[in-house]
Amino acid sequence: MFKKALLVSGVALAISAPAMAEQRTSSVRDNGFSYNYAQLAYDQWDWDNDIEVDALTAEGAFALDEHLFIRGGLSFYDGDLGQGDLDGKQIYAGIGFHTPLQDKLDFVGSADIIYDDREFEFSQTFCNAFGCVTSNSDADDDEIGFELRGGVRAAVADQVELEGGLSYYDLYDDDITLYAQGLFKATDTIDIGARLLFGGDRESIGIFGRYNF
């Protein structure tokens, strides 16, 4: 519990420090980044080198004012858990904060509540002198957790954005992970992107298409 409190405190400090610094150093009011969008993503998730699934996610965000936005998403996933099969769904919803640090650079933080519902199917084969018998069984589990993120979003070219930072995730188990993503602006409203989670027990790689409104 003490370790978890330290981890949460560290992420909270990482989230709040740049925002406080911005109040003293940045004269930029708006970098023009869109926080109104809907997107569809395909990801490959790998949890603790034991669970490997493919996930389809519909998600989006909506700006409440010049700094706050709400966000959420729904994922359906299917894959392997050890020698068995795993499928399920995951829903998240939360609130985010962004503010300019300097020209073409925003600080972005978010806090999400996550609900995960999963089903396991696995078979076991037992053999003896008289032959082998295969037993099929299934189980289900669900959990409510949360994720905290803090990082930066930068316009590195006219049509290219990069984003990265730190994630603290607590669902079934807790983990600290780095995240990164890149956006290419195909049109004024359509973006194509790729994203990563790495450096912890939870890793993923994915692509997505985004519509800005």
Side-chain angles (χ1 to χ4, degrees), residues 15 18-19 22 28-46 53-79 87-117 145-167 169 171 177-198 202-213:
I15 290 176
E22 179 274 334
V28 180
R29 292 189 58 83
D30 187 359
N31 276 315
F33 296 124
S34 173
Y35 293 91
N36 292 293
Y37 60 82
Q39 68 184 35
L40 185 64
Y42 166 75
D43 298 278
Q44 292 181 331
W45 297 349
D46 186 342
V53 299
D54 298 320
L56 286 176
T57 304
E59 53 197 339
F62 182 77
L64 300 176
D65 60 23
E66 64 177 343
H67 292 298
L68 295 176
F69 61 96
I70 54 176
R71 47 184 259 138
L74 170 63
S75 299
F76 294 95
Y77 58 86
D78 179 75
D87 64 83
K89 63 180 179 291
Q90 190 173 110
I91 303 169
Y92 78 87
I95 191 165
F97 171 83
H98 68 94
T99 191
L101 296 176
Q102 62 184 47
D103 186 34
K104 300 182 179 180
L105 181 68
D106 268 15
F107 166 78
V108 185
S110 61
D112 299 326
I113 298 296
I114 307 167
Y115 171 72
D116 186 84
D117 184 17
F146 67 91
E147 181 179 21
L148 302 175
R149 286 192 175 198
V152 293
R153 181 178 181 180
V156 297
D158 289 343
Q159 293 179 278
V160 179
E161 293 180 15
L162 297 178
E163 184 173 347
L166 187 68
S167 163
Y169 184 85
L171 184 72
T177 308
L178 298 173
Y179 70 89
Q181 76 172 24
L183 282 177
F184 174 74
K185 294 184 173 299
T187 71
D188 290 340
T189 57
I190 302 296
D191 299 335
I192 301 170
R195 58 191 185 184
L196 295 169
L197 288 172
F198 59 97
R202 180 176 54 113
E203 297 183 344
S204 72
I205 182 170
I207 56 174
F208 60 90
R210 173 180 294 183
Y211 174 73
N212 299 284
F213 55 88

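Screening residues 204-213 for salt bridge (Lys or Arg N to Asp or Glu O under 4.0 Å), with sequence neighbours left out, gives no hits.
A salt bridge is absent between R149 and D112; no separation between the charged side-chain nitrogens and carboxylate oxygens falls under 4.0 Å.
In this structure, N31 contributes its side chain and Q102 its backbone to a donor-acceptor pair below 3.5 Å. When atom types are taken as modelled, the side chain of E203 and the backbone of F198 share no donor-acceptor pair closer than 3.5 angstrom. A distance-only check finds no donor-acceptor pair linking the side chain of D78 to the backbone of D87 [under 3.5 Å].
L171 CG to I113 CD1: the interatomic distance, rounded to the nearest 0.5 Å, is 10.5 Å. Atom CD1 of residue I192 and atom CD1 of residue I207 lie 9.5 Å apart, to the nearest 0.5 angstrom. Note that CG of D191 and CD of Q181 are 9.5 Å apart. Values are rounded to the nearest 0.5 Å. Here OG1 of T177 is found 12.0 Å from CG of L196. Values are rounded to the nearest 0.5 Å. Remark: L197 CG to L178 CG distance equals 9.0 Å, nearest 0.5 Å. Remark: L40 CG to T57 OG1 distance equals 8.0 Å, nearest 0.5 Å.
Across all non-hydrogen atoms, the minimal contact from D65 to L68 is OD1-N, 2.7 Å. Between V108 and Y179 the shortest heavy-atom distance is O-OH, 4.3 Å. S167 approaches R202 most closely through the heavy-atom pair OG-NH2, 2.9 Å. Shown here for G182 and L162, the closest heavy-atom pair between the two residues is CA-CD2, 3.9 Å. Among all heavy-atom pairs drawn from A61 and F213, the shortest one is O-CZ, 3.8 Å. Closest non-hydrogen pair, P100 versus D30, comes out as CG-N, 4.0 Å.
For H98 and Y35, the gap between ring centers is short of 6.0 Å.
Within 6.0 Å of CG in D158 there are 12 or fewer heavy atoms belonging to other residues, nucleotides or ligands.
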Test side-chain contact (heavy atoms from CB on, under 4.5 Å) on I114 and Y169 and set out the steps.
CA-CA 10 Å; I114 307 167; Y169 184 85; 3.5 Å; yes

Y92 vs R71, side-chain contact (heavy atoms from CB on, under 4.5 Å): CA-CA, chis, key distance, verdict:
CA-CA 8 Å; Y92 78 87; R71 47 184 259 138; 3.9 Å; yes

With side-chain contact (heavy atoms from CB on, under 4.5 Å) as the criterion, how do L183 and F208 come out once you've worked through the C-alpha distance, each side chain's angles and the decisive distance to 0.1 Å?
CA-CA 9 Å; L183 282 177; F208 60 90; 3.3 Å; yes

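For the pair Y211 and I190, the minimum side-chain heavy-atom distance is below 4.5 Å.
Residues meeting the salt bridge (charged side-chain N to carboxylate O under 4.0 Å, His left out) test with E163, sequence neighbours left out: none.
Taking the six-membered ring for Trp and thresholds of 30 and 60 degrees, F97 and F107 have ring planes inclined between 30 and 60 degrees apart.
When each of K104, R153, R195 is checked for a salt bridge (charged side-chain N to carboxylate O under 4.0 Å, His left out) with E161, only R153 meets the rule.
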